[in-house]
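Letters go in sequence order (proteins before strands), and every chain restarts at 1. No experiment lies behind these values; they were computed from the predicted model shown. Only heavy atoms go into these numbers, but all of them, side chains included; no hydrogens, no water, no symmetry mates.
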There are 2 protein chains.
Amino acid sequence: MYSQLKLDNQICFRLYTASRLITQAYRPLLEPLGLTYPQYLVLMVLWENDHQLVSDISKRLVLESNTITPLLQRMESEGLVVRTKGTADKRQTLVSLTRKGIALQDQAKDIPDCMTAAFSDCTPSQEEAMVLVHTLDSIIKYLKNND
Amino acid sequence: MYSQLKLDNQICFRLYTASRLITQAYRPLLEPLGLTYPQYLVLMVLWENDHQLVSDISKRLVLESNTITPLLQRMESEGLVVRTKGTADKRQTLVSLTRKGIALQDQAKDIPDCMTAAFSDCTPSQEEAMVLVHTLDSIIKYLKNND
DNA sequence: TATCTTTGCATCGTGAACGATTTAATTTGA
DNA sequence: TCAAATTAAATCGTTCACGATGCAAAGATA
């Protein structure tokens, strides 16, 4: 038995599990809005800046077009966004919020605080949270640049 | 614009992204063994203790039967495990390694060190890593008990 | 200008995730 | 003892992820 192959020694398994469980925790908050977590991420990107290219959203969420495109197509059929072909560069696709997509921002504004409140019983200290953010950012930065 | 809805303020997005990117980093190491990351997790559980129930694996990986069962079915058709109906309790399914599944452990033994080496350029300090593990464990423990 | 390469996005196939439901076996308790 | 409740897995449908590939538009180069 190789001790390095023990599950308890794997940081990645912890990340994988924590990520899934937190996404599940979002569900009851997102379901009333008819959103999945990745769709909520797309909306957050567009709420910050409307009218972005698929490539902009792709870079921001670190997801390729083969994930983003079907996601956007579903969101379009839900009436949350519209996709229009670029005028200058006809290869590009511009994604814009619909009235409905814009309106959802108001309904979503309390979600982050709800999540924070839901975590109040296990909240890492301010210092732990900062270390967590810093560590994750350095992992992401490193792995993103690896392509 | 609600600042709490900014992507950069979201810890969950970081977890989600880091988890995906690390899983991708495993791919070149797992592909030669014909494994996906979740399949590798199942094998790690069985390498620690062979002959476990679906419910045991389910608890250990924090995944429900609706995820685990198809995963095990694929692994069975790959000849990595066998699934046998429980004798005492016929509702249960016992999962056991095949000779091939056992043999893979030897081929996989260097993967953790390979991953560590691949991360040498962005390795968080020993202290950061410990805080990361501790924080993730407390999040997981809290969310797991929420059902 | 012709063609060669690159880019931006879409499509396809496979394997997870997961809520909801189903099925069969076991346990409970009146 | 026998119907009702519970449990262990499996099944189903939808939505991601993602490698591989396709395709058309734009850019580079001869």
Side-chain angles (χ1 to χ4, degrees), chain A residues 13 15-28 30-32 34-42 52-59 61-78 80-81 83-95 143 147, chain B residues 13 15-28 30-32 34-42 52-59 61-78 80-81 83-95 143 147:
Chain A
F13 173 61
L15 281 170
Y16 160 79
T17 303
S19 170
R20 284 193 307 103
L21 292 179
I22 296 184
T23 301
Q24 285 178 36
Y26 268 99
R27 197 174 299 270
L30 292 174
E31 196 173 40
L35 295 175
T36 63
Y37 184 69
Q39 290 173 4
Y40 173 63
L41 292 179
V42 169
Q52 294 196 56
L53 300 175
V54 169
S55 57
D56 296 329
I57 301 172
S58 172
K59 274 174 204 143
L61 297 182
V62 200
L63 290 167
E64 303 294 319
S65 71
N66 53 4
T67 299
I68 292 279
T69 296
L71 187 52
L72 291 172
Q73 287 170 341
R74 284 185 288 268
M75 292 177 74
E76 185 169 41
S77 75
E78 291 287 330
L80 300 172
V81 300
R83 301 184 311 141
T84 52
K85 269 292 161 199
T87 46
D89 187 334
K90 288 180 188 164
R91 291 169 304 179
Q92 299 179 329
T93 297
L94 189 68
V95 182
L143 291 175
D147 54 314
Chain B
F13 173 62
L15 280 171
Y16 161 79
T17 303
S19 170
R20 284 191 309 100
L21 292 179
I22 296 186
T23 301
Q24 285 178 37
Y26 267 97
R27 199 175 299 269
L30 291 174
E31 197 174 39
L35 296 176
T36 64
Y37 184 70
Q39 289 172 5
Y40 172 64
L41 292 179
V42 169
Q52 293 196 56
L53 300 176
V54 168
S55 58
D56 296 329
I57 301 172
S58 172
K59 274 175 204 142
L61 298 182
V62 199
L63 290 167
E64 302 295 318
S65 71
N66 53 2
T67 299
I68 291 280
T69 295
L71 187 52
L72 291 172
Q73 287 170 341
R74 285 186 287 268
M75 293 177 74
E76 185 168 41
S77 74
E78 292 287 329
L80 299 172
V81 300
R83 300 184 310 141
T84 53
K85 270 291 161 198
T87 46
D89 187 333
K90 288 180 188 163
R91 291 170 304 179
Q92 299 178 329
T93 297
L94 190 67
V95 183
L143 290 175
D147 54 311

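- Residues A/L21 and A/Q24 have side chains in contact (heavy-atom distance under 4.5 Å, counting atoms from C-beta outward).
- Spacing between atom CD1 of B/I57 and atom P of D/dA8 amounts to 14 Å, rounded to whole angstrom units.
- Remark: B/Y16 is in phosphate contact with D/dA17, judged by side-chain N or O atoms under 4.0 Å from OP1 or OP2.
- In terms of position on DNA chain D, the residue among A/E78 and A/T87 whose nearest nucleotide sits closer to the 5' end is A/E78.
- Comparing D/dC18, D/dA10, C/dA16 by their nearest atom to the side chain of B/Q73 picks out D/dA10.
- The nearest heavy atom of DNA chain C to B/L71 and to A/R27 marks one nucleotide each, and the one closer to the 5' end goes with B/L71.
- A sub-4.0 Å separation between OP1 or OP2 of C/dG8 and a side-chain N or O of A/T93 is absent.
- The side chain of A/K85 approaches C/dC9 more closely than any other nucleotide in the set C/dC9, D/dA17, D/dA8.
- At a threshold of 4.5 Å between non-hydrogen side-chain atoms, the residues B/L80 and B/L35 count as touching.
- In this structure, B/L72 places its CG atom 13 Å from C1' of C/dA16, rounding to the nearest Å.
- Across all strands shown, B/T67 has heavy atoms under 4.0 Å from base atoms, whether or not it also approaches the sugar-phosphate.
- Look at B/R20 and you'll find a side-chain N or O under 4.0 angstrom from OP1 or OP2 of D/dC18.
- Taking the six-membered ring for Trp and thresholds of 30 and 60 degrees, B/Y26 and B/Y37 have ring planes inclined between 30 and 60 degrees apart.
- Contact annotation: side chain of A/S65 to base of C/dA10, donor-acceptor pair present below 3.5 Å.
- The side chain of A/L63 has D/dA17 as its nearest neighbour among C/dA24, D/dA17, D/dA10.
- Between the CD atom of B/Q92 and the C1' atom of D/dT6 there is a distance of 14 Å, given to the nearest Å.
- For D/dT7, the OP1/OP2 oxygens have no side-chain nitrogen or oxygen of B/S55 closer than 4.0 Å.
- Across the interface with DNA chain C, nearest-nucleotide mapping of A/R83 and B/M75 shows A/R83 to be the residue nearer the 5′ end.
- In this structure, the CG atom of A/L35 is 19 Å from the P atom of D/dT14, given to the nearest Å.
- For C/dA16, the OP1/OP2 oxygens have a side-chain nitrogen or oxygen of B/Q39 closer than 4.0 Å.
- Distance A/E76 CD to C/dC9 P: 14 Å, rounded to the nearest Å.
- A/Q52 places none of its side-chain heavy atoms less than 4.5 Å from the side chain of A/V95.
- Atom CD1 of B/I68 is separated from atom C1' of C/dG15 by 13 Å (rounded to the nearest Å).
- When distances run from any side-chain atom of B/D89 to the nucleotides C/dA17, C/dA25, D/dA10, the shortest one goes to C/dA25.
- Nearest to the side-chain atoms of A/N66 among the listed nucleotides C/dC9, D/dC18, D/dC16 stands D/dC18.
- Counting non-hydrogen atoms under 4.0 angstrom, B/L53 reaches the backbone sugars and phosphates but no base.
- When side chains are defined from C-beta on, A/L71 counts as touching A/Q39, because their heavy atoms get closer than 4.5 Å.
- Across C/dC9, D/dC18, C/dA16, the shortest atom-to-atom separation from the side chain of B/Q24 is found for D/dC18.
- You'll find the side chain of A/L94 stays beyond 4.5 Å of the side chain of A/R83, heavy atoms only.
- In this structure, the CD1 atom of B/I22 is 16 Å from the P atom of D/dA17, given to the nearest Å.
- The A/R91 side chain lies nearest to D/dA25 when the options are C/dT11, C/dA25, D/dA25.
- Spacing between atom OH of B/Y37 and atom P of D/dG19 amounts to 16 Å, rounded to whole angstrom units.
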